[in-house]
Amino acid sequence: QVQLVESGGGSVQAGGSLRVSCAVSGYTNDRDYMGWFRQAPGKEREGVAAIYTTSRGADVEHYADPVKGRFTISHDNAKNTLNLQMNSLTPEDTAMYYCAAGWYGDSWSNPTNYRYWGQGTQVTVSS
């Protein structure tokens, strides 16, 4: 059974940093995208970042435009965790953050292309 469990959310002031992590069990295919999504109240779930490992062992990362240069996605295959380091946070980053795995399809940022989801962790940024 695949389980994704997020942790590390919380409250921070604008300009601060947070790191959210996702512990993955029952799923080990790092050749497919694993991603972070977020959903703010009244808004659709949107892709934040995704990562996969090529057959040559290189990591390929993608980021949504609003977070480029501020967020960094990484994975620790030995610990089977997915991480998202978030710096220079703004109130617009406030949302529930979800990790996702089991990608299939044509776009890393389309939430319908992921089979497995965590329950989410709340990130709140105050001005």
Going by atom type alone, with no hydrogens or angles, which donor-acceptor pairs under 3.5 Å involve a side-chain atom of residues 7-21 and a protein atom two or more places apart or on another chain?
| from | atom 1 | to | atom 2 | distance (Å) |
| --- | --- | --- | --- | --- |
| S17 | OG | N87 | OD1 | 2.9 |
| S21 | OG | N83 | OD1 | 2.8 |

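With rounding to the nearest 0.5 Å, the separation of CG in N113 from CG in D106 is 5.5 Å. A distance of 6.5 Å separates CG in L89 from CZ in R70, rounded to the nearest 0.5 Å.
Using a 4.5 Å cut-off on side-chain heavy atoms (C-beta onward), I51 and Y63 make no contact. Put simply, the side chain of F37 reaches to within 4.5 Å of the side chain of W117, judged on heavy atoms. The side-chain heavy atoms of D93 and M86, taken from C-beta on, include no pair separated by under 4.5 Å. Counting heavy atoms from C-beta outward, H75 and T53 have side chains that approach closer than 4.5 Å.
A donor-acceptor contact shorter than 3.5 Å links the side chain of E6 to the backbone of Q119. Judged purely by atom type and a 3.5 angstrom limit, Y114 uses its side chain to pair as donor or acceptor with the backbone of W108.
Sorted pairs that involve residues 78-98 and meet ring pair (Phe, Tyr, Trp, His ring centres under 6.0 Å), not counting sequence neighbours, are lacking altogether. Screening residues 44-69 for salt bridge (Lys or Arg N to Asp or Glu O under 4.0 Å) gives R38-E46, D65-K68 as the qualifying pairs, with residues at least two apart or on separate chains.
Residues meeting the side-chain contact (heavy atoms from CB on, under 4.5 Å) test with D76, sequence neighbours left out: A78, K79, T81. Take Q3 and apply the side chain to side chain donor-acceptor pair (under 3.5 Å) test, not counting sequence neighbours, and it matches no residue. Residues passing the ring pair (Phe, Tyr, Trp, His ring centres under 6.0 Å) test with Y116, sequence neighbours excluded: Y27.
Hydrophobic cluster membership is shared by L4 and V123, with clusters built from Ile, Leu, Val, Met, Phe, Trp and Tyr side chains linked at under 4.5 angstrom. No chain of hydrophobic side-chain contacts below 4.5 Å, direct or via other Ile, Leu, Val, Met, Phe, Trp or Tyr residues, connects W103 to M34. Residues W36 and V2 fall within the same hydrophobic cluster, defined by Ile, Leu, Val, Met, Phe, Trp and Tyr side chains chained together at heavy-atom separations under 4.5 Å. Follow the hydrophobic side-chain contacts under 4.5 Å out from F71 and you never reach Y52; the two are in separate clusters.
Shortest non-hydrogen contact noted between P111 and S109 is CD-O, 3.3 Å.
Within a 6.0 Å radius of CD in Q122, more than 12 heavy atoms belonging to other residues, nucleotides or ligands are found.
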